[in-house]
Amino acid sequence: MPQDPTERRVVVTGVPRRTLPHSWRPGGRHPHHSGHHRPRTEIDEQTTLGHTYVRSLMRSQLRAALVVFAVLVLLVAPLPLVFAAMPDGAGLEWAVLGFGIYPPLVLLARWHVRRAERNEQDLVRLVEDR
């Protein structure tokens with residue numbers, strides 16, 4: 001039974017870049033003949049240097065997370081004391097939460113996302129082919 005031409009898929013494959021013969025590469029040179037590996041290759045091949053790049057990213061992400069955690073503790077930990085000092089039935093707890101806590105939490109979250117993205121972009125700039 002013939003297949004409908006619209007359902008037919010064509011898979012195009014090629015030789016992976018790492019296994020291309022030297023003559024197929026621009027300039028005919030193998031990238032490892034320069035005397036050093038490129039950072040992306042180091043990461044892909046999980047060498048010691050590649051592991052160092054990844055560990056560096058992980059450390060910078062951890063530092064950002066610890067800063068966020070510390071600020072979060074400083075914002076949230078005193079809340080029970082603040083609530084205990086407030087008069088009962090005044091409804092100020094919701095005002096403190098709504099206007100005193102949530103806006104800084106949103107700003108803290110935005111800072112953390114931007115910092116994490118910047119850390120990743122720094123690694124990408126380091127390892128991208130120039």
Side-chain angles (χ1 to χ4, degrees):
M1 176 174 185
Q3 281 187 329
D4 183 19
T6 59
E7 292 179 352
R8 186 174 166 198
R9 291 188 176 195
V10 177
V11 178
V12 178
T13 60
V15 179
R17 291 182 74 184
R18 286 191 200 131
T19 61
L20 286 175
H22 303 302
S23 60
W24 291 5
R25 293 184 185 275
R29 292 189 59 202
H30 192 274
H32 303 295
H33 287 181
S34 62
H36 70 282
H37 292 291
R38 291 199 149 155
R40 179 176 288 171
T41 304
E42 297 288 343
I43 292 171
D44 290 343
E45 294 177 359
Q46 299 179 356
T47 64
T48 303
L49 183 58
H51 181 69
T52 303
Y53 287 131
V54 173
R55 293 280 300 172
S56 173
L57 173 65
M58 291 172 61
R59 277 192 307 270
S60 61
Q61 298 293 47
L62 178 62
R63 275 192 301 271
L66 290 176
V67 167
V68 168
F69 180 72
V71 172
L72 181 65
V73 167
L74 291 174
L75 280 173
V76 176
L79 283 180
L81 296 174
V82 171
F83 292 156
M86 289 182 181
D88 288 339
L92 294 176
E93 293 89 1
W94 291 108
V96 169
L97 288 174
F99 299 107
I101 297 298
Y102 288 125
L105 288 180
V106 169
L107 293 174
L108 185 62
R110 286 185 60 175
W111 177 85
H112 185 256
V113 169
R114 287 183 179 180
R115 183 72 222 171
E117 288 174 349
R118 190 176 316 129
N119 290 338
E120 291 171 1
Q121 288 171 356
D122 290 345
L123 179 68
V124 168
R125 274 194 295 272
L126 178 66
V127 301
E128 73 183 359
D129 297 334
R130 298 180 198 268

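Throughout, numbering of the chain's residues begins at 1 and tracks the sequence.
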Distance, nearest 0.5 Å, that separates CG of L126 from OG of S56: 8.0 Å
Test applied, side chain to side chain donor-acceptor pair (under 3.5 Å); reference residue, N119; option that passes from Q121, R115, E117: R115
Indicate the atoms forming the closest heavy-atom contact of L97 with Y102, along with that distance. O-CD1, 2.8 Å
Closest non-hydrogen atom pair, L92 against M86: CB-SD, 3.5 Å
I'd like to know if V82 and L72 are part of one continuous hydrophobic network [Ile/Leu/Val/Met/Phe/Trp/Tyr, side-chain heavy atoms within less than 4.5 Å]. yes
Atom pair CZ (R118) and CG (L123), whose distance is rounded to the nearest 0.5 Å: 15.0 Å
When clusters are formed by joining ILVMFWY residues with side-chain heavy atoms under 4.5 Å apart, either directly or through shared neighbours, do V76 and V67 land in the same one? yes
Hey, quick one: are L108 and L79 part of the same hydrophobic cluster, counting side-chain heavy atoms closer than 4.5 Å, chains of contacts allowed? yes
State plainly whether one hydrophobic cluster holds both L107 and L105, where clusters connect Ile, Leu, Val, Met, Phe, Trp and Tyr through side-chain heavy atoms under 4.5 angstrom apart. no
Value for CZ (F69) from NE2 (H112), rounded to nearest 0.5 Å, stands at 12.5 Å
Provide the closest heavy-atom pair for P103 versus G100 in the form atom of the first, atom of the second, distance. CD-N, 4.4 Å
Does any non-hydrogen side-chain atom of V68 lie less than 4.5 Å from one of W111? yes
Do the side chains of V106 and V113 join up, straight or via other hydrophobic residues, at under 4.5 Å, putting them in one cluster? no
